[in-house]
Every structure is written in structure tokens, then in C-alpha cells.
Colleague: 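Here it is, the structure, as C-alpha cells.
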Amino acid sequence: MSSVRLASRAVAPPNWLDEAYTSIEAAKKNNGGLMGMLESARGGNSIKAFLKRSATNANNMALITQNGIDNAGALISQMAQQNIERKNAEAMKKVMADLTESRNRVKPENVLDPIIYFNDGSTIDTANNIRTTPNGTQYDTVTGALYVDPLSIVQMANGAYLDTKNNIMTMSDGARIDINTGLKIEVKA
């Protein structure tokens with residue numbers, strides 16, 4: 001269990017609760033620190049007992065000092081990490097504010113109308129790039145291909161597709177068939 005705890009402590013940031021628990025458990029075994037000093041005071045009055053208590057007291061004082069140094073180091077490390085995180089958050093906030101400001105300064109110019117109407121009755125939807133002729137046929141203005149609404153398409157396994165809006169089956173070789181009559185639709189140039 002202790003090897004698992006050591007592995008998790010190496011990855012995780014310092015946790016004061018875990019360190020306090022570990023310190024209490026160690027104090028129970030070693031009777032170090034201030035409690036160890038008080039407990040060793042009830043020994044005998046001989047020179048041997050005095051020297052033993054002096055050595056124990058010196059060890060306990062060293063433990064107290066070392067624990068103070070360790071705790072101060074952990075606290076300084078935590079404060080430094082929080083300071084870095086705060087500065088990073090402030091820098092990110094400033095960058096986002098500058099980006100928003102620059103976006104607000106740049107205004108689009110020469111923007112097309114959403115729909116352009118022509119004398120022959122055809123229109124171009126500039127938002128979706130679709131040209132609609134007076135008879136209702138739609139073309140993609142980017143590619144020039146016939147436009148078919150993707151929501152009205154049923155894709156077949158052999159590469160053909162069915163346009164449910166216009167009831168036209170387009171075969172994988174490009175041939176178009178009216179599904180109501182079963183007749184092939186001629187494309188006129």
C-alpha cells in the first residue's frame with residue numbers, strides 16, 4: 001500500500017491533508033517532535049538518562065525544524081503555482097479582450113445582398129451559393145452543378161441516389177429517371 005501511495009504522491013500536487021496524516025502516523029511510531037520531547041522528560045535522573053534524553057531531544061528538534069522547512073517549501077510552491085495560474089488567466093483575458101476589440105473594429109465592406117434578383121426572373125442566394133432559375137431548377141454557383149437539397153436525398157448502395165423532392169432517380173452513370181413515369185430525363189445543353 002505504501003508503494004501505491006508513493007507513486008500517487010509523485011504525480012499529484014502537494015496535499016496538506018495527506019502530509020498531515022502521514023506525519024501523525026510517523027509521530028505515533030517515533031514519538032518525535034514536541035510530543036516526543038515531553039514524553040522523554042519523565043525518564044530517570046542519571047547522566048546516562050540525561051544524555052539519552054539530550055540526543056532524543058536533539059533529534060526531535062531536528063524533526064521539528066525539518067517539518068517546518070518542508071511545510072514552508074510546500075506552501076511557497078503552492079503559492080507560486082497559484083500566482084502563475086492567476087497571471088496566465090489574466091494574460092488570456094487580455095488577449096481575448098484584444099481579439100474582441102480588433103474584431104469589432106474591422107467592419108465587412110462590399111457585402112452582397114442575401115438574394116440577388118435578375119431581369120429574367122432567376123435569383124442567386126449569396127448566403128448558400130444557389131442559383132434558382134424561373135422554372136425552379138437550382139444550381140450550385142460555385143461548381144455550376146445541379147443543386148439537390150441534401151435533406152431530400154436517399155442514397156442507394158450502387159451509387160445512385162433518389163431526389164424525393166423532385167421524384168428523380170440519378171443513376172451512378174449520371175442518367176436521370178423520373179420515378180413517376182419511369183422515363184429517362186434528357187438533359188439539354
Side-chain angles (χ1 to χ4, degrees), residues 1-22 25 73-189:
M1 169 117 180
S2 64
S3 64
V4 172
R5 174 177 276 159
L6 289 176
S8 66
R9 286 184 69 193
V11 174
N15 182 351
W16 70 269
L17 190 58
D18 184 42
E19 290 176 4
Y21 178 76
T22 305
E25 290 298 315
L75 178 62
I76 290 170
S77 173
Q78 287 176 351
M79 289 172 60
Q81 182 65 31
Q82 289 172 351
N83 201 13
I84 289 169
E85 289 173 1
R86 181 182 50 79
K87 286 182 180 180
N88 286 343
E90 289 172 359
M92 182 60 76
K93 192 175 184 180
K94 183 180 181 322
V95 166
M96 293 306 288
D98 291 345
L99 179 63
T100 302
E101 179 193 347
S102 68
R103 284 184 179 166
N104 290 338
R105 276 189 278 150
V106 177
K107 300 294 180 195
E109 296 178 13
N110 300 328
V111 177
L112 294 173
D113 291 334
I115 303 286
I116 299 174
Y117 298 93
F118 294 97
N119 292 338
D120 65 352
S122 62
T123 60
I124 294 181
D125 178 358
T126 59
N128 297 313
N129 296 323
I130 298 172
R131 178 177 170 248
T132 306
T133 61
N135 67 0
T137 307
Q138 294 182 321
Y139 296 95
D140 186 336
T141 59
V142 176
T143 63
L146 187 65
Y147 175 77
V148 181
D149 184 12
L151 297 176
S152 68
I153 298 293
V154 177
Q155 198 71 34
M156 306 295 175
N158 64 354
Y161 62 90
L162 173 64
D163 177 1
T164 58
K165 180 179 176 186
N166 299 314
N167 295 326
I168 297 174
M169 170 81 76
T170 304
M171 304 305 287
S172 58
D173 63 357
R176 298 177 65 210
I177 301 171
D178 185 333
I179 62 169
N180 292 327
T181 62
L183 299 174
K184 188 173 183 180
I185 299 172
E186 302 257 345
V187 180
K188 296 179 183 176

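Only heavy atoms go into these numbers, but all of them, side chains included; no hydrogens, no water, no symmetry mates. In this chain, residues are counted from 1 in sequence order.
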Colleague: Sub-3.5 Å donor-acceptor pair from the side chain of Thr126 to the main-chain atoms of Pro114, do we have one?
Modeller: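 Here the side-chain-to-backbone pair exists.
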Colleague: What's the separation between atom CD1 in Ile168 and atom CZ in Arg176, rounded to the nearest 0.5 Å?
Modeller: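 Answer rounded to 0.5 Å: 4.0 Å.
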Colleague: When rounded to the nearest 0.5 angstrom, what distance separates CZ in Phe118 from OG1 in Thr123?
Modeller: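 Atom-to-atom, Phe118:CZ and Thr123:OG1 are 8.5 Å apart.
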Colleague: Measuring from atom CD1 of Ile177 to atom CE of Met169, what distance do you get when rounded to the nearest 0.5 angstrom?
Modeller: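 Atom-to-atom, Ile177:CD1 and Met169:CE are 7.0 Å apart.
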Colleague: Distance from Thr137 atom OG1 to Tyr147 atom OH, nearest 0.5 Å?
Modeller: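 Output value for this atom pair is 14.0 Å.
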Colleague: Can you name the closest pair of heavy atoms from Pro134 and Gly121 and give their distance?
Modeller: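 The answer is CG-C, 4.0 Å.
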Colleague: State the CG-NZ distance between Asp178 and Lys184, to the nearest 0.5 angstrom.
Modeller: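 Those atoms lie 14.0 Å apart.
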Colleague: For Glu90, which residues count as a salt bridge (Lys or Arg N to Asp or Glu O under 4.0 Å) partner, sequence neighbours excluded?
Modeller: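 Partners of Glu90 under the salt bridge (Lys or Arg N to Asp or Glu O under 4.0 Å) test: Arg86.
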Colleague: Short question: side chain of Thr100, backbone of Met96 - any donor-acceptor pair under 3.5 Å?
Modeller: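 Pair found, side chain donor or acceptor close to backbone of Met96.
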Colleague: Side-chain contact, heavy-atom cut-off 4.5 Å: Thr164 with Leu162?
Modeller: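 Side-chain contact under 4.5 Å: yes.
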Colleague: Show your reasoning for whether side-chain contact (heavy atoms from CB on, under 4.5 Å) applies to Tyr139 and Leu146.
Modeller: CA-CA 4 Å; Tyr139 296 95; Leu146 187 65; 3.9 Å; yes
Colleague: What is the distance from atom CD1 of Ile124 to atom CZ of Arg131, rounded to the nearest 0.5 Å?
Modeller: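 So the CD1 of Ile124 and the CZ of Arg131 are separated by 7.0 Å.
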Colleague: Is it true that Gln78 and Gln82 share a donor-acceptor pair across their side chains at a distance under 3.5 Å?
Modeller: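 No, Gln78 and Gln82 have no side-chain donor paired with an acceptor closer than 3.5 Å.
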Colleague: Name the atoms and distances for all side-chain donor-acceptor pairs under 3.5 Å in residues 150-159, with sequence neighbours left out.
Modeller:
| from | atom 1 | to | atom 2 | distance (Å) |
| --- | --- | --- | --- | --- |
| Ser152 | OG | Asp149 | O | 2.9 |
| Ser152 | OG | Asp163 | OD1 | 3.2 |
| Asn158 | OD1 | Ala160 | N | 3.0 |

